[in-house]
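Worksheet: one structure, shown below.
Since this is a predicted model, take the numbers as computed values, not measurements. Quick note: residue numbers are just sequence positions, from 1.
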Amino acid sequence: MASKQGSPVRDKAEWLLQFAVMSLVTPRNFRRLRREAHRWLDPDGARPLELGELRDVQAHIQGGLKALRRKQPWEHRVQGRHVLLSGAKGLHGPLSRRVETLGPSDRYVINAMDVLTEVGDRLRTCKRPGCGRAFIAVKRQEHCIDCAKAVQTARVASWRKRNPQRVRDLAHETYVRRKRRESGRRNLKIERRPRKG
């Protein structure tokens, strides 16, 4: 489910946004998602989550994204401890942090919040009316990938409708280039057929 390229944080965030909207209904989907969620959101955890726990995590993420869209804080109350671990050489080695919670699903939610925090201002909401889906933007991207494709298709169709002669000219130029390449004759001339009607 993760993309083939990009940074680990971006891949993790994209997986997280896909996870937030997908179905956990079938046992096959659940088994796969259970492994992926464990790998992406709690690799150091003791065990993968059960179906009910995974649904709770998904509901928390959905609720959190909904709150953020409304410009409200995403809050998640947990009972736990924030632990700072010394490195191999004490203070001379790199320190690492860990959140220890009573419920394993709390770690998943906290880690999801951390991932989205790391993504920063690239986490955006699709501006196409009726969508509102969260996505990780590339540069100035304003639409999620599905809406971007639909917007581009509509833009091209509109241009083609406004410029029918230019569309025919481009099609003819492409045809001539292909025929020249196939025949090996660079100066091959192909007359245009008169239009019917």
Side-chain angles (χ1 to χ4, degrees), residues 1-25 28-87 93-128 131-149:
M1 225 168 70
S3 64
K4 304 283 187 243
Q5 52 163 339
S7 72
V9 172
R10 181 185 174 88
D11 291 345
K12 197 181 286 190
E14 285 180 348
W15 180 89
L16 182 65
L17 294 177
Q18 289 175 1
F19 168 71
V21 297
M22 69 178 40
S23 171
L24 303 178
V25 175
R28 189 168 155 208
N29 281 353
F30 167 66
R31 283 193 300 274
R32 180 178 52 82
L33 284 173
R34 180 183 193 208
R35 285 190 306 271
E36 288 180 3
H38 187 63
R39 186 183 73 187
W40 288 110
L41 296 177
D42 194 24
D44 299 327
R47 66 172 177 84
L49 298 182
E50 297 301 325
L51 180 59
E53 294 169 322
L54 199 56
R55 281 193 172 145
D56 287 345
V57 169
Q58 188 182 47
H60 281 294
I61 294 169
Q62 289 169 347
L65 290 171
K66 195 175 193 178
L68 293 174
R69 277 190 207 103
R70 294 179 180 161
K71 298 183 180 176
Q72 298 171 344
W74 174 1
E75 296 178 358
H76 182 71
R77 294 182 191 271
V78 295
Q79 260 191 320
R81 297 180 296 193
H82 200 153
V83 180
L84 188 62
L85 303 168
S86 64
L95 302 176
S96 59
R97 65 186 181 91
R98 183 174 70 210
V99 175
E100 294 177 355
T101 61
L102 293 179
S105 60
D106 288 332
R107 275 194 314 277
Y108 281 63
V109 176
I110 291 167
N111 290 339
M113 294 167 96
D114 289 345
V115 166
L116 294 179
T117 301
E118 287 181 51
V119 170
D121 64 350
R122 291 179 294 160
L123 177 64
R124 299 193 188 144
T125 301
C126 182
K127 299 215 180 205
R128 189 168 187 214
C131 181
R133 185 173 163 191
F135 68 98
I136 310 301
V138 176
K139 296 184 181 177
R140 295 176 297 166
Q141 185 179 352
E142 294 183 343
H143 304 288
C144 67
I145 194 72
D146 296 334
C147 291
K149 288 177 185 175

* To do: Assess whether side-chain contact (heavy atoms from CB on, under 4.5 Å) is satisfied between Val109 and Trp74, documenting all intermediate values.
  => CA-CA 11 Å; Val109 176; Trp74 174 1; 4.3 Å; yes
* Can you tell me how far the NZ atom of Lys127 sits from the CD atom of Gln141, to the nearest 0.5 Å? -> 12.0 Å
* side-chain hydrogen bond (donor to acceptor under 3.5 Å, both in side chains): pairs with one or both residues in residues 47-56, sequence neighbours excluded -> Arg34-Glu50, Arg47-Glu53
* Structure fact -> So ring-ring contact (aromatic ring centres under 6.0 Å, His included) across residues 100-121, not counting sequence neighbours, yields none
* To do: Mind checking the CG-CG spacing from Asp106 to Asn111? Nearest 0.5 Å is all I need.
  => 10.5 Å
* Closest heavy-atom contact between Val119 and Ala13? -> CG2-CB, 3.2 Å
* Asked: Can you tell me how far the CG atom of Leu49 sits from the CZ atom of Phe30, to the nearest 0.5 Å?
  -> 8.0 Å
* Structure fact -> When rounded to the nearest 0.5 Å, the distance separating CZ of Arg128 from NE2 of His143 is 8.0 Å
* With a cut-off of 6.0 Å (strictly less than), are more than 12 heavy atoms of other residues, nucleotides or ligands near CD of Gln72? -> yes
* Looking only at atom types and distance, does a side-chain atom of Arg69 sit under 3.5 Å from a main-chain N or O of Gly132, one as donor and one as acceptor? -> yes
* Which atoms form the tightest heavy-atom contact between Pro73 and Ala67, and what is the distance? -> O-CB, 3.7 Å
* Below 4.5 Å, heavy atoms only, C-beta onward: do Val138 and Arg10 meet side chain to side chain? -> yes
* Interatomic spacing from CG in Leu33 to CD in Gln18 - rounded to 0.5 Å -> 10.0 Å
For a quick test of your reading: what N or O donor-acceptor pairs under 3.5 Å do the side chains of residues 57-66 make, sequence neighbours left out?
unit_1: Gln58; atom_1: NE2; unit_2: Phe19; atom_2: O; d: 2.7
unit_1: Gln58; atom_1: NE2; unit_2: Met22; atom_2: O; d: 2.7
unit_1: Gln62; atom_1: NE2; unit_2: Ala20; atom_2: O; d: 2.5

* Spacing of CG belonging to Leu41 relative to NZ belonging to Lys12, to within rounding of 0.5 Å -> 7.5 Å
